[in-house]
Amino acid sequence: AQVALLDRNSEAGQESKAALDEQFEAQRTVFIQCDVTDQEQLKGAFKKVIEHFGRLDIVVNNAGVNNEKDWESTIQINLTSVIRGTYLGLEYMRKGNGGDGGVIINISSLAGLMPAAFQPVYCATKHGVIGFTRSIAVTAHMENYGVRLNTICPGFVNTPILQSIDKEENMGQYYSYKDEIKNMMQFYGVMDPSIIAEGLITIIEDDSLNGEVMKITASQGIHFQQY
C-alpha cells in the first residue's frame, strides 16, 4: 500500500509520516498539509496524490472535531468536508469518468445513530454523514460507478478529540456537563484506535460491503447496524 496523509496540523502530519517511515520505505507515504474546509486546498491535495502515486483506490474521510461553541465550523469539518471529499474521490475513481473503481469510507460515530446529550451539533453532523453515505452508495450501485461507499460508527476512541470535552472553548454552553460525558465514557469504555483500523481493513477487503454502517464498540466489537 501507499498512503497519503492529510492534516491541517503540520506537526501531527509529519509525526504520523515519521512513524510510518520507521516501518516502511519513505516513498510509500506522503504528507500533505490541508485544511479540509478549504475547497481549493482539498482539491489540490487530491490532485497532488494522483500526481505523486499515479492513481487513487481508497479514500477515508476521517477529519473530525467536537466544537459546540463554534458549531458552524463543526458542520464544515464533520459534514461538508466529508461530502466534498466523497465527491472528489468519486470524480477520480468512478468508472464512467476514466477511473478504476475503489472504496470510500466515511467516519461517523455512534452519535450518528442515537442522541448525544450536550453535543447536539456534533450529533447532527454524524447523522448527516450516515444519511449521505448510505444514499450515495445506492446511487453508485445504480450508476455502476465501481466505487463502494460505507460508514464506520465507533464509540469512544482514545484520540485527541476526547480532550475537547474538558475545554470551554469547545463545549461552550455545555461545558458544565463535562463530568456527565466523562461518566458515559467510563460506562461505555474507551477503545484503542487499532480496532477501528481493523474495521477499516474489513471494509476495504470485503467487496460485498456497500452502503453498510459498521458499528464498533468496546462491548460488542465490530458489528453492523441492521435497518
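Any value given below was found using the heavy atoms of this structure, including those in side chains, with hydrogens, waters and symmetry copies removed. Bear in mind that the values here come from a model prediction, so they are computed numbers and not experimental data.
Closest approach of Y188 to A218, counting heavy atoms only: O-CB, 3.3 Å. Pairing each heavy atom of A45 with each of L6, the nearest pair is CB-CD2, 3.6 Å. Of all non-hydrogen atoms in I222 and M214, the two that sit nearest each other are CG2-CE, 3.7 Å. Across M93 and V103, no two heavy atoms sit closer than the pair CE-O, 3.9 Å. Heavy atoms only, all atoms of each residue included: L42 and R84 are closest at CD2-CG, 3.9 Å. Among all heavy-atom pairs drawn from I104 and T86, the shortest one is CD1-O, 3.6 Å.
At distances below 3.5 Å, not a single donor-acceptor pair connects side-chain atoms of S108 with backbone N or O atoms of T151. Here the side chain of N78 pairs a donor or acceptor atom with the backbone of V65 at under 3.5 angstrom. Without hydrogens or angle criteria, K17 side chain to T29 main chain gives a donor-acceptor distance under 3.5 Å. No donor-acceptor pair closer than 3.5 Å links the side chain of Q225 to the backbone N or O of K215. Of the possible donor and acceptor atoms, none in the side chain of R148 sits under 3.5 Å from a partner among the backbone N and O of G101. At least one donor-acceptor pair closer than 3.5 Å links the side chain of D192 to the backbone N or O of S194.
Of the residues V82, L79, N62, the one that meets the side-chain contact (heavy atoms from CB on, under 4.5 Å) test with N106 is V82. Residue V157 is tested with I107, I216, I196 for a side-chain contact (heavy atoms from CB on, under 4.5 Å); the sole match is I196.
Taking hydrophobic clusters as Ile, Leu, Val, Met, Phe, Trp and Tyr residues chained together by side-chain heavy-atom distances below 4.5 Å, I58 does not share a cluster with L5. Hydrophobic clustering (side-chain heavy atoms under 4.5 Å, transitive across Ile, Leu, Val, Met, Phe, Trp, Tyr) groups V129 together with F132. At a threshold of 4.5 Å between side-chain heavy atoms, the hydrophobic network of Ile, Leu, Val, Met, Phe, Trp and Tyr places I75 and V36 in two separate groups. A single hydrophobic cluster is not seen to contain both I203 and I136; linkage of ILVMFWY side chains at heavy-atom distances under 4.5 Å, directly or through other members, places them apart. I201 and I195 fall into different hydrophobic clusters, where Ile, Leu, Val, Met, Phe, Trp and Tyr residues are linked whenever their side-chain heavy atoms come under 4.5 Å apart, directly or through other members.
Taken from CG in L149 to CG in L209, the straight-line distance is 12.0 Å, to the nearest 0.5 Å. Atom OG1 in T133 sits 11.0 Å away from atom CD1 in I152 (nearest 0.5 Å). Interatomic distance, CG of D206 versus CG of N150, reported as 9.0 Å (0.5 Å rounding). Within the model, atoms CG of L56 and CG of L88 stand 10.0 Å from one another, a figure rounded to the nearest 0.5 Å. If you take NZ on K47 and CD1 on I32, they are separated by 11.5 Å, rounding to the nearest 0.5 Å. With rounding to the nearest 0.5 Å, the separation of CG in L110 from SG in C123 is 10.5 Å.
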- Message: With side chain to side chain contact (heavy atoms under 4.5 Å, CB included) as the criterion, how do S109 and C153 come out once you've worked through the C-alpha distance, each side chain's angles and the decisive distance to 0.1 Å?
- Response: CA-CA 4 Å; S109 164; C153 294; 5.6 Å; no
- Message: If you apply the rule side chain to side chain contact (heavy atoms under 4.5 Å, CB included), what do you find for M191 with F156, and how did you get there?
- Response: CA-CA 6 Å; M191 295 176 289; F156 294 109; over 6 Å; no
- Begin from the C-alpha positions of F224 and V213 and carry the test side chain to side chain contact (heavy atoms under 4.5 Å, CB included) through to its verdict. CA-CA 6 Å; F224 290 89; V213 177; over 6 Å; no
- Message: Please determine whether side chain to side chain contact (heavy atoms under 4.5 Å, CB included) holds for the pair N66 and E68, giving the CA-CA distance in whole Å, both sets of side-chain angles, and the decisive distance to 0.1 Å.
- Response: CA-CA 6 Å; N66 168 53; E68 293 296 325; 4.1 Å; yes
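With salt bridges taken as basic N to acidic carboxylate O contacts below 4.0 Å, one links R28 and E25. The residues D38 and R8 are annotated as not salt-bridged, no charged nitrogen and carboxylate oxygen being separated by less than 4.0 angstrom. A salt bridge is defined here as a Lys NZ or Arg NE, NH1 or NH2 lying under 4.0 Å from an Asp or Glu carboxylate O, and R55 with D100 meets this definition.
Applying the 6.0 Å contact sphere to CD of Q186 captures no more than 12 heavy atoms from other residues, nucleotides or ligands. Within a 6.0 Å radius of CD in Q27, more than 12 heavy atoms belonging to other residues, nucleotides or ligands are found.
Two residues are said to be in side-chain contact when any heavy atoms from C-beta on lie closer than 4.5 Å; Q14 and F31 meet this criterion. When side chains are defined from C-beta on, W71 does not count as touching P120, because their heavy atoms never get closer than 4.5 Å. The shortest side-chain heavy-atom distance between M171 and I181 falls under the 4.5 Å cut-off. Between E11 and E15 the shortest side-chain heavy-atom distance falls below 4.5 Å. Counting heavy atoms from C-beta outward, F53 and V30 have side chains that approach closer than 4.5 Å.
Here Y87 and Y92 keep their ring centres 6.0 angstrom or further from each other.
The cationic atom of R134 (NZ for Lys, CZ for Arg) lies less than 6.0 Å from the six-membered ring centre of Y227 and within 45° of the ring axis. For the pair K178 and Y175, the distance from NZ or CZ to the six-membered ring centre is under 6.0 Å and the angle to the ring normal is within 45 degrees.
Defined by atom type and a distance below 3.5 Å, a donor-acceptor pair is missing between the side-chain atoms of S164 and N170. Q33 and D7 form no side-chain donor-acceptor contact under 3.5 Å, judged by distance and modelled atom types alone.
Under the 30°/60° scheme for interplanar angles, the aromatic rings of F118 and Y177 are found to lie parallel.
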